[in-house]
Amino acid sequence: MASRDLNLMVPFRAKPEESNKKRNKRVIILSFVMLILLLSVISARLILDNMTLQNDLDEINAYIESPINIDQYNETLALTSHNAELLAKLASIDQTWKCLESYPLINSNVLEAILVCTNRFYESTPQINTYDAASGKLNFDTYATTVTQTAEYIKSLEDSGFFSQVNYHGYVYSELYNAFQINVECVLSENAGKQAKNDN
């Protein structure tokens, strides 16, 4: 009898173990299903984000590749290049103008100073031969019936304040004018012709 009782109790002891196994299986299956659901949600979100990003990229590409925008872009490049050329030309003109402003100027004040100095000694009008703005060299001739006052004449030109240097290259007799032709080369001072610039 005791042996039978023991055999009858075995099924009862086995049932809880089977129940635990089934419960563990259900937990594993449920966890697996939840994991799949979670991965599905994440994948769906990634797919949705990717689709949204792709749509944005398509819109950007469509905007960039639009013929109207391409034409406007090319026109902008052409205008930019043209503006750069204009700026370069303006810079060159400005530099040239500054360079020219730095040169001594032959204006009425300079010519009047030469005439006044000449008329102190000779009854003639000086004749301008050449002028080099870069060096400020001015070459002119004056005519005189006598050359005894040539040194004083050169000194008066030096003292006029318009010339940094006055060179006397001698004289020759001109039968055309029946007078001595005196050749003078002056180097204008830095501010020559600018002292009364606003008056001209």
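What you see is a predicted model; the values in this text were computed from it and never measured.
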Check: T76 and T80 side chains under 4.5 Å, non-hydrogen atoms: yes
Test item: N74 side-chain N/O and I70 main-chain N/O as donor-acceptor pair under 3.5 Å: yes
Exercise: identify the closest heavy-atom pair between F162 and V110: CD2-CG2, 3.7 Å
Side chain T52, main chain L48, donor-acceptor under 3.5 Å: yes
Minimum side-chain heavy-atom gap R120-S156 below 4.5 Å: yes
ILVMFWY network linking V116 to V166, side-chain heavy atoms under 4.5 angstrom: no
Validation row: T118, S124 side chains within 4.5 angstrom (heavy atoms): yes
Path from L157 to L115 over hydrophobic side-chain contacts below 4.5 Å: no
Within-4.5 Å side-chain heavy-atom neighbours: V41 and R45: no
Pair Q54, D58: side-chain N/O donor-acceptor within cut-off below 3.5 Å: yes
Qualifying ring pair (Phe, Tyr, Trp, His ring centres under 6.0 Å) pairs with a residue from residues 135-154, counting only residues at least two apart or across chains: Y122-Y153, Y143-Y177
Common cluster, V172/Y168, ILVMFWY with side-chain heavy-atom separation under 4.5 Å: no
Partner residues of Y173 under the ring-ring contact (aromatic ring centres under 6.0 Å, His included) criterion, sequence neighbours left out: F180
Other residues, nucleotides, ligands: >12 heavy atoms within 6.0 Å of E112 CD: no
Trace of the side-chain contact (heavy atoms from CB on, under 4.5 Å) decision for L53 with D49: CA-CA 6 Å; L53 179 60; D49 290 343; over 6 Å; no
Any side-chain heavy-atom pair of F163 and I114 under 4.5 Å: yes
Residues L188, L138; criterion side-chain contact (heavy atoms from CB on, under 4.5 Å); working and verdict: CA-CA 7 Å; L188 274 68; L138 171 66; 3.8 Å; yes
Sub-4.5 Å side-chain heavy-atom contact between Y73 and N69: no
Residues N167 and Q165: side-chain donor-acceptor under 3.5 angstrom: yes
In one Ile/Leu/Val/Met/Phe/Trp/Tyr side-chain cluster, 4.5 Å: V187, I128: no
Close side-chain approach of I182 to D141, heavy-atom, < 4.5 Å: no
Whether over 12 other heavy atoms sit under 6.0 Å from I68 CD1: no
